[in-house]
There are 2 protein chains.
Amino acid sequence: MTTQNVQTAPRMKAAERRELILEAATAVFGANSYVGTTTDEVARAAGVSQPYVVRLFGTKAKLYIAVIERAYERIISEFSRVLPGPPDERLKRMGAAYAGLLSERGMLPVIANSTALGGDPEIGPVARDGFNGIWRFVRDEAGFSEEETREFMAGGMLINAIVGLRLVGAYGTEKSVTEVLDACFPDAVARVRELMPQVGEPW
Amino acid sequence: MTTQNVQTAPRMKAAERRELILEAATAVFGANSYVGTTTDEVARAAGVSQPYVVRLFGTKAKLYIAVIERAYERIISEFSRVLPGPPDERLKRMGAAYAGLLSERGMLPVIANSTALGGDPEIGPVARDGFNGIWRFVRDEAGFSEEETREFMAGGMLINAIVGLRLVGAYGTEKSVTEVLDACFPDAVARVRELMPQVGEPW
DNA sequence: CTGAGTTGTTATCGAATGATTACTTGGAGA
DNA sequence: TCTCCAAGTAATCATTCGATAACAACTCAG
């Protein structure tokens with residue numbers, strides 16, 4: 001007995017622990033970018049030791065790859081969920097679904113950051129695959145026109161920028177910000193407003 | 001005489017050297033992001049020693065701030081340049097002008113990266129100012145409608161993502177990529193195609 | 001011509017970080 | 001019950017990076 005469970009994390013199957021770490025890593029990578037994040041921060045956020053994170057994923061880059069793969073899958077999954085329904089409101093639903101992912105910490109920032117890492121030989125291909133996957137889904141599965149697809153993707157990138165810049169802190173005080181947020185996606189903006197992190201928040 | 005000019009960089013007024021370093025720093029920060037860039041890389045790219053870079057700008061963060069301020073000024077300057085002319089083609093000209101900045105190394109990637117740093121207490125405010133500045137210019141100086149402004153900014157963010165992902169390497173082979181590039185900005189895409197860095201290029 | 005301020009360097013430090021090694025402990029199956 | 005694999009940790013290492021300090025040489029005003 002005694003079960004001196006003072007220091008060590010409660011036992012868990014590796015797959016389950018992996019998922020926990022991926023969730024924590026998404027939040028931390030999202031807050032600090034890829035290069036700006038230490039494996040130790042991820043480990044502490046997940047409640048395990050730093051060497052264990054490295055051992056489970058092999059390397060920091062491989063961990064990050066797992067994180068963005070999971071994030072892109074998550075987006076496709078949300079889009080699929082809101083696909084059924086009135087076709088004329090499909091774009092609004094998908095925009096709101098994307099903005100809704102703000103509630104899952106780091107999800108959108110990680111996506112945004114991945115679009116800047118195309119030059120990395122390891123991460124680049126994964127990021128391109130993820131981006132292309134969303135693009136194809138929007139066009140083929142959701143049935144958007146070429147023009148609609150471009151606009152939808154561009155709108156998503158704009159949301160990423162707004163989130164990354166923490167622009168919502170200025171909502172209401174800065175006219176141009178208010179403008180963009182209201183115009184961005186008809187239904188998305190409400191979600192963005194309620195979910196977006198403020199300036200200086202650790203998030 | 002003798003002027004043993006073996007190691008030390010040729011003398012230059014500090015202001016001139018500052019500009020040289022800013023240009024080099026834009027390229028390096030653009031290629032590797034803020035956190036991923038060392039002051040030593042910047043120094044070597046500029047042909048001076050690392051401590052001198054630090055001394056000229058005080059700190060790495062201040063150097064980066066000078067870089068993005070310069071980049072945002074550069075964008076405004078280009079937009080101003082193409083402002084005169086037929087109003088119905090103003091949007092096309094400005095889109096092409098933005099894409100044309102691809103020829104100045106690191107300019108667009110630096111802008112893209114700055115939109116992810118809103119959470120930084122030092123850099124965040126500068127990035128927000130720059131973004132808001134462009135926004136206001138597009139709406140007030142260029143006279144775009146609210147809707148046009150949003151679409152223009154969103155298109156710019158999409159270009160940033162395409163560049164960051166090195167998507168152009170797949171142009172012609174990947175159907176969806178071809179689609180977006182052609183649809184993005186009528187005249188911008190030609191410039192993007194000829195100027196965009198390929199996958200794996202140091203750029 | 002000279003000397004003082006500016007331009008620039010070399011040497012070096014302390015902290016941080018990703019990774020490796022060797023060790024411990026819990027728990028499921030024979 | 002016993003044992004062996006999986007889960008997890010502590011200790012530690014080699015690098016890297018931003019910053020500081022001390023020093024050297026060019027140049028221009030008087």
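In what follows, chains are A, B, ... by sequence order, proteins preceding strands, each numbered from 1.
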- Is B/R17 touching bases, backbone alone, or none of the nucleic acid, heavy atoms closer than 4.0 Å? sugar-phosphate
- Is the shortest side-chain N/O distance from B/T38 to OP1 or OP2 of D/dT16 below 4.0 Å? no
- Over how many whole Å does the gap from B/L56 atom CG to D/dT20 atom C1' extend? 15 Å
- Query: Looking at C/dT21, D/dG18, D/dA22, which one has an atom nearest to any side-chain atom of A/P51?
  - Reply: C/dT21
- Note on the structure: Of C/dG18, C/dG8, D/dA7, the nucleotide closest to the side chain of B/R11 is C/dG8
- Task: Quickly work out the A/Q50 CD to D/dC13 P distance and round it to whole Å.
- Result: 15 Å
- Query: C/dT20 C1' sits how many Å from A/Y52 OH, rounded?
  - Reply: 16 Å
- Item | Criterion salt bridge (Lys or Arg N to Asp or Glu O under 4.0 Å) on B/E73 and B/R70, from CA distance to verdict | CA-CA 5 Å; B/E73 282 167 11; B/R70 178 172 170 277; over 6 Å; no
- Hey, does the side chain of B/R128 reach the backbone of B/G118 with a donor-acceptor pair shorter than 3.5 angstrom? yes
- Message: Without decimals, in angstroms, what is the distance between A/R55 CZ and C/dA22 P?
- Response: 13 Å
- Roughly how many Å is it from CG in A/D40 to C1' in C/dA19, rounded to a whole number? 13 Å
- Which of D/dT9, C/dT7, D/dA19 is nearest the side chain of B/A14? It is C/dT7
- Could you give the CZ-to-P distance, from A/R44 to C/dG18, as a whole number of Å? 11 Å
- Item | Whether B/T59 side chain and B/K62 backbone form a donor-acceptor pair below 3.5 Å | no
- Query: Where the side chain of B/T39 is defined as all heavy atoms beyond and including C-beta, which of C/dA19, C/dT9, D/dG18 is the nearest nucleotide?
  - Reply: D/dG18
- Roughly how bent is the helix from C/dC1-D/dG30 to C/dA30-D/dT1 end to end, in steps of 10 degrees, with each end axis from five pairs? 0°
- Separation of atom NZ in B/K13 from atom P in C/dT6, rounded to whole Å: 13 Å
- Message: Closer than 4.0 angstrom, basic N to acidic O: yes or no for B/R150 and B/E146?
- Response: no
- Note on the structure: Between B/I76 and B/G133, the two heavy atoms sitting closest are CD1-O, 3.9 Å
- If you check every side-chain atom of B/V48, which of C/dG18, C/dT9, D/dG8 has the closest atom? C/dT9
- Geometric class of the A/Y64/A/Y34 ring pair [parallel <30°, tilted 30-60°, perpendicular >60°]: tilted
- Could you tell me the separation between the CD atom of B/E16 and the P atom of C/dT7, rounded to a whole number of Å? 11 Å
- Task: Determine the contact category for A/S49: base if any of its heavy atoms lies under 4.0 Å from a base atom, sugar-phosphate if only primed atoms, P, OP1 or OP2 are that close, otherwise nothing.
- Result: base
- side chain to side chain donor-acceptor pair (under 3.5 Å): which pairs involve residues 152-165 of chain B, sequence neighbours left out? B/Y98-B/N160
